[in-house]
Number of protein chains: 2
Amino acid sequence: MVTRGGRRRVTIADVASRAQVSTTAVSKVLRDAYGVSPAMKERVRAAIEELGYRPHAAARAMRGRTFTVGVMLPHLRNPFFADIVDGLTDELSGTGYQAILVQGGSTQKAEKAAMDALVDRQVDGILLVAPLLARARLEEVARQVPVVVLGRHERSPHFDAVFDDDETGAELVVNHLIELGHRRIAHITHQDNSTARPGDLLHVIRADTYRRVMREHGLEDEIAVATTYYSEEGGYDGAQELLRRPSRPTAIFAGADQAAFGVLAAAHDAGLSVPGDLSVAGYDNTKLAALPNISLTSIDQPGVVMGGTAGRLLRERIEGRTTAVRFSVGPSLIVRRSTAAPADLPEA
Amino acid sequence: MVTRGGRRRVTIADVASRAQVSTTAVSKVLRDAYGVSPAMKERVRAAIEELGYRPHAAARAMRGRTFTVGVMLPHLRNPFFADIVDGLTDELSGTGYQAILVQGGSTQKAEKAAMDALVDRQVDGILLVAPLLARARLEEVARQVPVVVLGRHERSPHFDAVFDDDETGAELVVNHLIELGHRRIAHITHQDNSTARPGDLLHVIRADTYRRVMREHGLEDEIAVATTYYSEEGGYDGAQELLRRPSRPTAIFAGADQAAFGVLAAAHDAGLSVPGDLSVAGYDNTKLAALPNISLTSIDQPGVVMGGTAGRLLRERIEGRTTAVRFSVGPSLIVRRSTAAPADLPEA
DNA sequence: TCGAAAATGGGTAACGTTACCCATCGCGCG
DNA sequence: CGCGCGATGGGTAACGTTACCCATTTTCGA
């Protein structure tokens with residue numbers, strides 16, 4: 001290891017000698033601990049200011065808190081994650097906590113490595129966004145550090161869950177399409193590589209709800225699901241597959257906007273007009289969905305609220321709460337120009 | 001701080017007693033240091049395996065390396081950043097290094113805080129993506145830890161720079177529009193909040209190049225620049241402003257795809273067809289640009305390569321290199337359907 | 001006025017790891 | 001046969017911070 005040229009870091013000892021107090025005193029001031037007179041507090045604060053002291057997070061990690069929360073995201077491509085992180089950062093700002101992010105990737109191995117990386121760095125709490133691992137594995141981590149899981153409907157006594165009511169969301173979409181007069185409504189879902197209980201995964205819930213609503217309207221024979229990925233390529237491939245089927249769907253409900261964008265591309269390449277020949281709906285209401293050229297009907301999830309709530313729950317857990325909390329937010333349907341009545345609608 | 005229920009962490013001492021060697025020996029094995037016999041190495045490895053030992057990054061941070069590199073991103077909304085991070089992660093995989101990300105935000109204060117957070121966490125190297133701070137401030141950090149800056153054309157003796165040749169890229173776009181027959185070509189640039197030397201900032205280079213190429217073609221009187229932001233809103237507002245001007249442009253070159261998406265929306269809302277009434281070009285060639293409904297002419301930057309290179313340079317610096325490197329990648333023009341000859345093209 | 005309790009300040013041993021140094025052993029060479 | 005050196009292994013003092021405990025001073029009620 002090369003020795004860097006910079007001056008030695010300002011430590012608590014430097015502050016102590018400057019303020020003519022003990023290092024213990026400085027530490028107490030920093031932590032707002034008991035046993036400090038206002039006068040001493042003032043002197044120490046001044047010394048901190050003058051010397052530009054910043055706590056050494058790694059050293060703190062050896063003893064106390066790091067004032068760091070770790071966030072694991074599957075990837076950075078979904079703009080919805082940006083909302084979550086913004087909500088979290090907002091909630092954390094002013095509390096002295098800093099968020100660090102790591103990429104979980106798409107395999108369980110990579111995800112485990114990412115989680116371990118956070119544990120090894122001694123973060124005070126971890127937010128897991130849409131993890132793949134089985135609940136038992138998450139609970140293992142939750143035994144070591146406070147955990148909040150976002151995007152899974154888990155009911156665990158050991159960590160909190162924040163999620164969108166995907167059942168209601170999917171219902172809104174499918175009902176909307178049925179009300180428009182569609183019967184051959186297909187769905188594109190996500191191929192998971194997960195060992196979680198299927199019923200806890202948002203894409204499974206969306207797909208199951210799609211099937212249930214179809215059945216409830218006597219459309220069980222029209223159920224058609226393509227299992228690809230919640231990504232542009234996945235949407236494209238899924239749509240191609242669905243459009244090749246003998247009874248071509250008149251509407252496709254993609255489980256995520258990203259996939260819906262791929263559906264739009266596939267429709268275009270197949271020479272189908274949207275919504276003339278095919279209605280398309282997504283989920284997440286990403287900003288792009290609102291662009292006039294796209295104008296995608298979608299489900300809005302309050303990502304900022306979800307991220308903020310996750311941050312609050314994490315802080316509560318760090319402060320000592322041990323009872324589990326589940327927080328569900330309500331989705332809302334945003335109708336745009338990608339959905340309309342099917343062209344061949346038989347007059348009622 | 002609550003004491004967590006989990007078992008005590010496995011430490012180097014546990015491994016040592018299991019393998020019947022000293023902690024020093026274990027440390028040596030971990031670091032591949034000199035003075036270990038193959039036999040001992042094997043024993044220690046076995047013990048590590050059996051106990052599931054993982055190095056405690058925070059403890060390492062007190063003495064040696066953390067095997068962590070920090071990445072500061074302005075935000076998570078630009079999918080181009082995902083490519084950079086993927087490139088970096090790829091390059092780092094197998095080397096034992098882990099990347100952690102922090103959000104820099106849009107103010108210099110937030111950016112400074114984000115950088116400090118990385119320094120305080122004792123990362124071995126830092127990748128700064130499109131930072132706002134003045135070079136002197138970056139060099140201050142670079143004195144303490146290896147730094148690579150991505151997206152600025154900086155020439156500093158103290159850190160490496162990885163960037164796209166924005167001059168060539170902007171030239172490609174403007175020449176393309178001129179060749180199509182456009183004369184009233186406008187540009188949307190980014191309002192920076194930066195104290196960096198303007199000539200080092202990519203958006204300034206793109207804007208300056210736009211002006212230069214226009215002048216070189218005798219079009220100095222047609223130069224029109226809207227200074228908003230590289231974001232959808234920014235593109236929308238900028239386009240509105242440009243389209244209100246007396247001599248309405250027939251083409252708009254937005255400095256980033258995100259802004260170009262906003263331009264498309266503004267054109268739509270103004271009742272202008274693209275490319276019939278207005279040609280639009282972007283920069284970055286994000287995936288969305290390729291969607292048939294958008295089909296945006298853009299400049300492709302090899303983000304994965306840039307991120308990978310940044311990772312390599314960072315590792316080299318961590319290994320001891322102190323001479324500065326600048327790495328520039330070549331952009332390429334991707335022509336799509338958002339650009340065409342202007343409608344009122346006078347026959348030549 | 002005395003004693004006890006509260007308020008205030010500091011000493012010190014950890015936390016897990018690594019860098020530096022020293023001790024031992026065996027072997028080859030003069 | 002003795003010496004020196006390379007190979008191998010370990011002891012130990014940091015790194016910067018905090019938690020626990022103890023010492024001293026101040027306050028206040030009886």
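These values consider heavy atoms only, across backbone and side chains, with no hydrogens, waters or symmetry-generated copies. A note on names: the letters A, B, ... follow the listed sequences, proteins ahead of strands, and every chain is numbered from 1.
- Rounded to whole Å, atom C1' of dT17(D) lies 12 Å from atom CZ of R9(A).
- Between D116(A) and R121(A) there is no salt bridge, since no side-chain nitrogen of the basic residue lies less than 4.0 Å from a carboxylate oxygen of the acidic one.
- Residue H56(B) contributes atom NE2, which lies 15 Å from atom C1' of dT18(C) at whole-angstrom precision.
- Summarising the geometry, the separation between CZ on R65(A) and P on dT18(D) is reported as 11 Å, rounded to the nearest angstrom.
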Quiz: residues 308-315 of chain A side-chain donor-acceptor pairs under 3.5 angstrom, not counting sequence neighbours:
unit_1  : atom_1 : unit_2  : atom_2 : d
T309(A) : OG1    : V305(A) : O      : 2.7
R312(A) : NH1    : E316(A) : OE2    : 3.1
R315(A) : NH1    : E91(A)  : OE2    : 2.6

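- With respect to the salt-bridge test (charged N to carboxylate O, under 4.0 angstrom), the residues R54(B) and D120(A) qualify.
- Neither side chain, Y53(B) nor R18(B), offers a donor N or O lying under 3.5 Å from an acceptor on the other.
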All N/O contacts under 3.5 Å from nucleotides 5-15 of chain D to the protein, with atom names and distances to one decimal?
unit_1  : atom_1 : unit_2 : atom_2 : d
dA7(D)  : OP2    : Y34(B) : OH     : 3.0
dG9(D)  : OP1    : S37(B) : OG     : 3.1
dG9(D)  : OP2    : S37(B) : N      : 2.8
dG9(D)  : OP2    : S37(B) : OG     : 3.0
dG9(D)  : N7     : K28(B) : NZ     : 3.3
dG10(D) : OP2    : S22(B) : N      : 3.1
dG10(D) : OP2    : S22(B) : OG     : 3.1
dG10(D) : O6     : K28(B) : NZ     : 3.0
dG11(D) : N7     : T24(B) : OG1    : 3.0
dG11(D) : O6     : T24(B) : OG1    : 3.3
dT12(D) : O4     : T24(B) : OG1    : 3.2
dC15(D) : O2     : M62(B) : O      : 3.3

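- For R326(A) and D160(A), the salt-bridge test fails: no basic side-chain N is under 4.0 Å from an acidic carboxylate O.
- At whole-Å resolution of the value, CZ in R43(A) and C1' in dG9(C) are 11 Å apart.
- Checking the phosphate oxygens (OP1, OP2) of dT18(C), a side-chain nitrogen or oxygen of R60(B) falls inside 4.0 Å.
- To the nearest angstrom, P of dT17(D) lies 13 Å from CZ of R121(B).
- Per the geometry, CZ belonging to F67(B) stands 19 Å off P belonging to dG16(C), to the nearest Å.
- Between E319(A) and R65(A) there is a salt bridge, since a side-chain N of the basic residue sits under 4.0 Å from a carboxylate O of the acidic one.
- At whole-Å resolution of the value, CD in Q122(A) and P in dG16(C) are 9 Å apart.
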